[in-house]
**Q** 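My questions all concern the structure below.
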Amino acid sequence: MSPWVLHVDLDQFIAAVELLRRPELRGRPVIVGGRGDPTERAVVSTASYEAREFGVRSGMPLKVAVRKCPEAVLLPVDAPLYEAASQQVMDTLRAQPGAVVEVLGWDEAFVGVDTDDPEACARRIQADVLAATDLHCSVGIGDTKIRAKIATDFGKPQGVFRLTRDNWFEVMGERPTTALWGVGSRIGARLAGLGVETVRDLAAADPDRLAAEFGPSMGPYYGRLGRGVSSATVDDTPYIPRAHGREVTYQQNLSDPAEIATAIGSLAEQVVKDIAAEGRPCMRVHLKVRFAPFFTVARSRKLAEPTYDPGLIGDTALDLLRALHDDRPIRLLGVRAEMVPPEGGYDDQTRRTARDPRAAG
DNA sequence: TCTGGGGTCCTAGGACCC
DNA sequence: TCTGGGGTCCTAGGACCC
């Protein structure tokens, strides 16, 4: 028996959940996003595999998606429905004998198991999830979290793939650094500037050079990513959130000061509901503004006293906005409340996030 | 083509103190 | 008159992920 990390990822999760209540749409291109209105400012949450064949991708503006695939069926996002389906999936994972489950999002989780046959474990998870929810998933098997996470991509859809120290370079060595979890286009470009193009290059890069470019924490972390080295400990300790925020993109840009004040007040009230449910008051207020056409600014301020008062939070956000505002119309407003940490701080009481650079490799 | 909403973490640089 | 080195706190900004 040896420890394995499994990464379970539901296939086209949101679209698949919608298809369960609309089976007549099966086989047709389906796009879920916004309020389901392609003329509105919104993006694609998930596209079915049929829609992906037309080039539709998550994060794409709905207007663009519809242009690429005019015959697609457009559906509005129904978060509570996906939340409920997600609960069923996670409960199924927790019911696996000996499994430790670390939830990463609605549609994915790490599962830690002790076994001689991780493939059999993976297949049983797929069968149990399908039986309980009618949803298909893919499973990545790894000897570290990052390897398990990346392995899943090679298993999709409905498959199982194993990625370990033994086949890491064979599978990943010649791929671009952006194939790694946590390396996006910006970091990829900066790495390329250092002559680091592939995963193999990154694995071989001098840690001191990486530290000089990215700092003492992130530099060596990227080096470890290149080797597939990360924590292998699956942790089911409940995660304690740091902050709650609300943001809204307005269909019509805001310019009237009274309208703006009302909008911020409403965001502050929603945020207070969330932090009150958490039981920890707001310590710091963050404001995010997107001016038209597409220019985003963020500001924040620490409060003199922690508070649950939406008036105070809203006024602070408004104050931060006034220091920025010069009559440009506003596309988006966001108010975020950073909560007072629990006694003893976060590190003592909560697990680290799965992608935390400090987590030991 | 026109870009959502929910988050997390790291780094740089200034202010301030000893 | 000009000036160090270390530490902490704070804000702004960048990057990434689902």
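Below, all heavy atoms of this structure are taken into account, side chains as well, without hydrogens, waters or symmetry copies. To find a chain, count down the sequence lines: A is the first, B the second, and so on, and within it residues start at 1. In this text, all values refer to a predicted model and were calculated from it rather than measured experimentally.
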**Q** Establish, from distance only, whether the side-chain atoms of A:Ser266 and A:Gln270 form a donor-acceptor pair under 3.5 Å.
**A** yes

**Q** Would you please say whether a donor-acceptor pair under 3.5 Å links the side chains of A:Arg41 and A:Gln251?
**A**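 Result is no, nothing qualifies.
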
**Q** C:dC17 P sits how many Å from A:Leu104 CG, rounded?
**A**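 Rounded to whole Å, this separation is 13 Å.
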
**Q** With respect to the phosphate group of B:dG6, does any side-chain polar atom (N or O) of A:Arg246 fall under 4.0 Å of OP1 or OP2?
**A**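 For A:Arg246, the contact criterion (side-chain N or O under 4.0 Å from OP1 or OP2 of B:dG6) is met.
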
**Q** Given that A:Phe294 and A:Arg336 both sit by DNA chain B, which one's nearest nucleotide is further toward the 5' end?
**A**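 Of the two residues, A:Phe294 wins.
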
**Q** Under 4.0 Å between a side-chain nitrogen and a carboxylate oxygen: does that hold for A:Arg28 and A:Glu50?
**A**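 Looking at A:Glu50 together with A:Arg28, the answer is no, because their closest N to O distance does not fall below 4.0 Å.
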
**Q** What's A:Lys149 touching, base or sugar-phosphate or nothing? Going by heavy atoms closer than 4.0 Å.
**A** sugar-phosphate

**Q** Examine the side chains of A:Asp37 and A:Thr39 and answer whether a donor and an acceptor come within less than 3.5 Å of each other.
**A** yes

**Q** Determine the contact category for A:Pro293: base if any of its heavy atoms lies under 4.0 Å from a base atom, sugar-phosphate if only primed atoms, P, OP1 or OP2 are that close, otherwise nothing.
**A** nothing

**Q** Any base atoms under 4.0 Å from A:Leu10, or only sugar-phosphate, or nothing? Heavy atoms, all strands.
**A**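 It contacts nothing in the nucleic acid.
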
**Q** Taking only Lys NZ, Arg NE, NH1 and NH2, and the carboxylate oxygens of Asp or Glu, determine whether A:Arg165 and A:Asp143 approach each other closer than 4.0 Å.
**A** no

**Q** Quick one: A:Tyr239 OH to C:dC17 C1', roughly how many Å, whole number?
**A**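 So the OH-C1' distance, A:Tyr239 to C:dC17, works out to 12 Å.
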
**Q** Hey, which sits more toward the 5' end of DNA chain B by its nearest nucleotide, A:Pro241 or A:Ala212?
**A** A:Pro241

**Q** Check this for me: does any side-chain nitrogen of one of A:Arg21 and A:Asp78 sit under 4.0 Å from a carboxylate oxygen of the other?
**A** yes

**Q** Under 3.5 Å for both pairing distances: what stems, at least three Watson-Crick or G-U pairs long, include DNA chain B?
**A**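 DNA chain B forms these stems: B:5-18 with C:5-18.
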
**Q** Between A:Glu102 and A:Lys145, does at least one N-O distance fall below 4.0 Å, as a salt bridge requires?
**A** yes

**Q** Assign the ring pair A:Trp181 / A:Phe110 to parallel, tilted or perpendicular, where the plane angle (0 to 90°) is split at 30° and 60°.
**A** perpendicular

**Q** Just call it for A:Trp106: base, sugar-phosphate, or nothing, with non-hydrogen atoms closer than 4.0 Å on any strand.
**A** nothing

**Q** Have a look at A:Gly184 and say if it touches a base, only the backbone sugar-phosphate, or nothing, with a 4.0 Å heavy-atom cut-off.
**A**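 If one applies the 4.0 Å heavy-atom cut-off, A:Gly184 turns out to touch the sugar-phosphate alone, with no base involved.
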
**Q** Mark yes or no: A:Arg224 above the aromatic ring of A:Tyr221, with NZ or CZ under 6.0 Å from the six-membered ring centre and no more than 45 degrees from the axis.
**A** no

**Q** Sugar-phosphate means primed atoms, P, OP1 and OP2; the rest is base. With that split, encode nucleotides 7-13 of chain C 5' to 3' as B, S or - using protein heavy atoms under 4.0 Å.
**A** ---SBSS

**Q** Would you say the side-chain atoms of A:Asp11 and A:Gln158 include a donor-acceptor pair closer than 3.5 Å?
**A** no

**Q** What's the CD1-P distance between A:Ile14 and C:dC18, to the nearest Å?
**A** 13 Å

**Q** Can you list, in residue-number order, the parts of residues 58-75 of chain A that come under 4.0 Å of DNA chain B, counting heavy atoms only?
**A** A:Pro61, A:Lys63, A:Val64, A:Arg67

**Q** Roughly how far apart, to the nearest Å, are C:dG4 and B:dC16 at atom C1'?
**A** 16 Å

**Q** Select base, sugar-phosphate, or nothing to describe what A:Val77 touches, counting heavy atoms under 4.0 Å on all strands.
**A**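 Answer is nothing: A:Val77 stays at 4.0 Å or more from every strand.
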
**Q** Which part of the nucleic acid, if any, lies within reach of A:Gly334 when heavy atoms closer than 4.0 Å are counted: base, sugar-phosphate only, or nothing?
**A** nothing

**Q** Identify which nucleotide among C:dC16, C:dC18, B:dG4 has an atom closest to any side-chain atom of A:Val43, counting heavy atoms from C-beta outward.
**A**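 For A:Val43, the side-chain atoms sit closest to B:dG4.
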
**Q** Classify the nucleic acid contact of A:Val44 as base, sugar-phosphate or nothing, counting any heavy atom under 4.0 Å across all strands shown.
**A**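 Counting heavy atoms under 4.0 Å across all strands, no contact is made by A:Val44.
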
**Q** Would you call A:Arg22-A:Glu18 a salt bridge at under 4.0 Å N-O?
**A** yes

**Q** Just checking A:Arg331: base, sugar-phosphate only, or nothing, at a heavy-atom cut-off of under 4.0 Å?
**A** sugar-phosphate

**Q** If you count the non-hydrogen atoms of other residues, nucleotides and ligands that lie under 6.0 Å from CZ in A:Arg123, is the total more than 12?
**A** yes

**Q** Pick base, sugar-phosphate or nothing for A:Arg290, based on heavy-atom distances below 4.0 Å to the nucleic acid.
**A**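 Sugar-phosphate, backbone atoms only, no base.
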
**Q** Please state whether the rings of A:Tyr82 and A:Trp106 are parallel, tilted or perpendicular, taking 30° and 60° as the class boundaries.
**A**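 Perpendicular, since the angle between the ring planes exceeds 60°.
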
